[in-house]
There are 2 protein chains.
Amino acid sequence: MNYSKQRERVLNALAEKRNHPTADELYAYLKAQQCSMSPATVYRNLHQLADNGVVMRLSVPGGAERYDPVNDGHLHMICSECGGISDIPANAICDVVSQARKATGYNVNSCSIMFYGVCKDCES
Amino acid sequence: MNYSKQRERVLNALAEKRNHPTADELYAYLKAQQCSMSPATVYRNLHQLADNGVVMRLSVPGGAERYDPVNDGHLHMICSECGGISDIPANAICDVVSQARKATGYNVNSCSIMFYGVCKDCES
DNA sequence: CAAAAAAATGATATCAATTATCGTTTTTTT
DNA sequence: AAAAAAACGATAATTGATATCATTTTTTTG
């Protein structure tokens, strides 16, 4: 994967913003910083960066997709009220729910775990 | 929560289809079964059923939201090629990734875990 | 039971996030 | 330097989902 000027800027902007921003939020942020570029370019680059495992894509129910500059398999906690997302250290693998509560102080009420891989039918 | 005729039909249709369908797919399915109703009604009912914990809502990256008729906290595995979703028994809490591989035969390459709860700021 | 209140529906307009298109520009390869 | 490949920008189009609102159904209650 090449690193164009725009791709660098998208990646930098994502690293600067610590809010797990949406593509649209990043687009606005770049625009405000005189790094204006086409919305399509922001979407395209985030997509590619995620496909190549550089960044992490977060699917939030009822909202736009969000991005995390760090792709180290760490966990996320989302507030049902404000939509804010907090990070949880990756070592909380066992007893996940109570670990998540400890790590963030949230009152956990549900949890969604999704794995991604290639199924038998598609493996060929 | 009341159970209107339409809500019953949506729930039945969801239970019949074992594919974790999207709202739109359910709408088409109902239409084909002479149980035609407004798309808005299908969306509304799925939303309410999920909010009340009767069904489970699955956010899939880059796709429409999907629904699972069973809300028992079990895990899901999605194929990066065809988008198909398989179920994983809920007892695979520790060593989640290798358990997921065993349960489904998929070659797991990533995993997203999201918790939902109310943060300190919104707790009042 | 009948009237009033509440909830749900249907049809459709609208919104918002994302992708597609395509001609142009930039970057990489040879 | 020429050719090929990749990326960009602007904008149109798509699509999943929600909002609106008049009508219908269901529930409550006097």
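Within every chain, numbering begins at 1; the chains are lettered A, B, ... in the order of the sequence lines, protein sequences first and strands thereafter.
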Inset, instruction - Have a look at the helix from C:dC1-D:dG30 to C:dT30-D:dA1 and give the angle its two end axes make, five pairs each, rounded to 10 degrees. - result: 40°
Tell me: [atom1] of [X] to [atom2] of [N], nearest whole Å?
| X | N | atom1 | atom2 | answer |
| --- | --- | --- | --- | --- |
| A:R44 | D:dA6 | CZ | P | 14 Å |
| A:E8 | D:dA6 | CD | C1' | 16 Å |
| B:Q6 | C:dA8 | CD | P | 11 Å |
| B:H47 | C:dT9 | NE2 | P | 15 Å |
| A:L11 | D:dA7 | CG | P | 15 Å |
| B:R66 | D:dT15 | CZ | P | 15 Å |
| B:L30 | C:dG10 | CG | P | 11 Å |
| B:Y43 | D:dT18 | OH | P | 8 Å |

Inset, instruction - Please tell me if the side chains of A:V60 and B:S59 come closer than 4.5 Å, counting only heavy atoms from C-beta onward. - result: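 The answer is no, as the side chains (C-beta and beyond) never meet within the 4.5 Å cut-off.
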Check whether any side-chain N or O of [X] sits under 3.5 Å from a backbone N or O of [Y] as a donor-acceptor pair, and report yes or no.
| X | Y | result |
| --- | --- | --- |
| B:R66 | B:H20 | yes |
| A:E65 | A:A23 | no |
| B:D72 | B:H74 | yes |
| A:E25 | A:T22 | yes |
| A:D68 | A:V70 | yes |

How is [X] classified with respect to the nucleic acid when contacts are heavy atoms under 4.0 Å: base, sugar-phosphate, or nothing?
| X | result |
| --- | --- |
| B:R7 | sugar-phosphate |
| A:A64 | sugar-phosphate |
| B:E25 | nothing |

Hey, does the side chain of [X] come within less than 4.0 Å of [N]'s phosphate (OP1/OP2), counting only N and O?
| X | N | answer |
| --- | --- | --- |
| A:S4 | D:dA6 | no |
| B:T41 | C:dG10 | yes |
| B:T22 | D:dG16 | no |

I'd like a table of donor-acceptor pairs (distance under 3.5 Å, sequence neighbours excluded) in which one partner is a side-chain atom from residues 30-43 of chain A, with atom names and distances.
from, atom 1, to, atom 2, distance (Å)
A:Q33, NE2, A:Y29, OH, 3.3
A:S38, OG, A:A40, N, 3.2
A:T41, OG1, A:R44, NH2, 3.3

Legend entry - Given DNA chain D, 5'-ward residue of the pair B:K5 and B:R57, judged by closest heavy atom: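 This one resolves to B:R57.
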Inset, instruction - Between B:S38 and B:G62, just flag the one whose closest nucleotide in DNA chain C comes earlier from the 5' side. - result: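 Closer to the 5' end of DNA chain C: B:S38.
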Inset, instruction - Return the 5'-most residue of the pair A:Y3, A:A23 with respect to DNA chain C, ranking by each residue's nearest nucleotide. - result: A:A23
Inset, instruction - With rounding to the nearest 0.5 Å, note down the distance linking CD1 in B:I85 to NE2 in B:H76. - result: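 One gets 6.5 Å once the value is rounded to the nearest 0.5 Å.
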Inset, instruction - Looking only at side-chain atoms of B:Q48, point me to the closest of C:dA8, C:dA17, C:dG10. - result: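 For the B:Q48 side chain, the nearest candidate turns out to be C:dA8.
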